[in-house]
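What you see is a predicted model, and the numbers here were worked out from it, not measured in a lab.
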Amino acid sequence: QGQLAESGGGLVQPGGSLRLSCAASRFTLDSYAIGWFRQAPGKEREGVACISVSDGSTAYADSVKGRFTISEDNAKNTVDLQMNSLKPEDTAVYYCAAAQAYCSGKYYLQVMSRDIDTWGQGTQVTVSS
């Protein structure tokens, strides 16, 4: 069974940047949509970005659009999330997840979790001064 592993989380000051990476093992990503989700304490899980690895189609939640960028590296079998201009409200555990689906737009992010068949273990991102 395939696995996903996130890395790159940590503590950053408001306005700073972090880059998260999602590495796949035992399967290749080229037929999948990969999503980045986050969950803050006491809040529901939120889809923040997704990418269809087959053609690079991307989508973002309104809360992160213009600040976060999702990208793929086929050679490394990874999907990264570059996070800029971070805000305290971005603090959460971030998860990557794989679905045999297509990232069709920001409204799909709201329902993508129903299609997920593999989740990573999560990485903590804390934005604080």
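Counting heavy atoms from C-beta on, the side chains of Glu72 and Ile34 never come closer than 4.5 Å. Inter-residue side-chain proximity for Thr118 and Tyr32 is flagged as unmet; no heavy-atom pair is nearer than 4.5 Å. Side-chain contact check for Leu20 versus Trp36: some heavy-atom pair is nearer than 4.5 Å. Counting heavy atoms from C-beta outward, Ile70 and Phe68 have side chains that stay 4.5 Å or more apart. Contact of the Gln124 side chain with the Tyr94 side chain is not registered, since no non-hydrogen atoms from C-beta on lie closer than 4.5 Å. Under the 4.5 Å side-chain criterion, counting only non-hydrogen atoms from C-beta, Leu29 is in contact with Phe27.
The backbone N or O of Lys87 lies less than 3.5 Å from a partner atom in the side chain of Asp90, making a donor-acceptor pair. Distance alone, capped at 3.5 Å, places no donor-acceptor pair between the Thr58 side chain and the Ile51 backbone. Side-chain atoms of Thr123 do not come within 3.5 Å of backbone N or O of Glu6 as any donor-acceptor pair. A donor-acceptor pair under 3.5 Å links the side-chain atoms of Ser57 to the main chain of Cys103, judged by distance alone. For Arg45 (side chain) and Gln39 (main-chain N/O), no donor-acceptor pair under 3.5 Å exists by modelled atom type.
Taking each heavy atom of Arg67 and Leu86 in turn, the nearest pair found is NH1-CA, 3.9 Å. For Met112 against Gly35, the heavy-atom pair with the smallest separation is CE-N, 3.5 Å. Considering every non-hydrogen atom in both Val48 and Leu81, the closest pair reads CG2-CD2, 4.4 Å. Minimum interatomic distance between Pro14 and Ser129 (heavy atoms only, all atoms of both residues): CD-N, 3.7 Å.
Among pairs with a residue in residues 100-128, those fulfilling salt bridge (Lys or Arg N to Asp or Glu O under 4.0 Å) read Asp62-Lys106, at least two apart in sequence or across chains.
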Stepwise ring-ring contact (aromatic ring centres under 6.0 Å, His included) test for Tyr108 and Tyr102: CA-CA 9 Å; Tyr108 178 67; Tyr102 187 78; 8.6 Å; no
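A single hydrophobic cluster is not seen to contain both Tyr107 and Tyr60; linkage of ILVMFWY side chains at heavy-atom distances under 4.5 Å, directly or through other members, places them apart. Note: the hydrophobic cluster containing Val64 also contains Val12 (ILVMFWY, side chain heavy atoms under 4.5 Å, direct or indirect links). Residues Val125 and Val93 do not share a hydrophobic cluster, defined by chaining ILVMFWY side chains whose heavy atoms lie under 4.5 Å apart. Under the 4.5 Å side-chain heavy-atom criterion for Ile, Leu, Val, Met, Phe, Trp and Tyr, Tyr95 and Val127 are members of distinct hydrophobic clusters.
To the nearest 0.5 angstrom, Arg38 atom CZ is 9.0 Å from Met83 atom CE. A distance of 9.5 Å separates OG1 of Thr91 from NZ of Lys43, quoted to the nearest 0.5 Å. Rounding to the nearest 0.5 Å places CG of Leu18 at 8.5 Å from CD of Gln82.
Partner of Thr78 under the side chain to side chain contact (heavy atoms under 4.5 Å, CB included) criterion, chosen from Cys96, Cys22, Ser21: Ser21.
Checked by atom type, the side-chain pair Asp80/Ser71 shows no donor-acceptor distance below 3.5 Å. In the model, Asn84 has a side-chain atom that pairs as donor or acceptor with a side-chain atom of Ser17 under 3.5 Å. Remark: the Glu46 side chain and the Ser63 side chain contain an N/O donor-acceptor pair separated by less than 3.5 Å.
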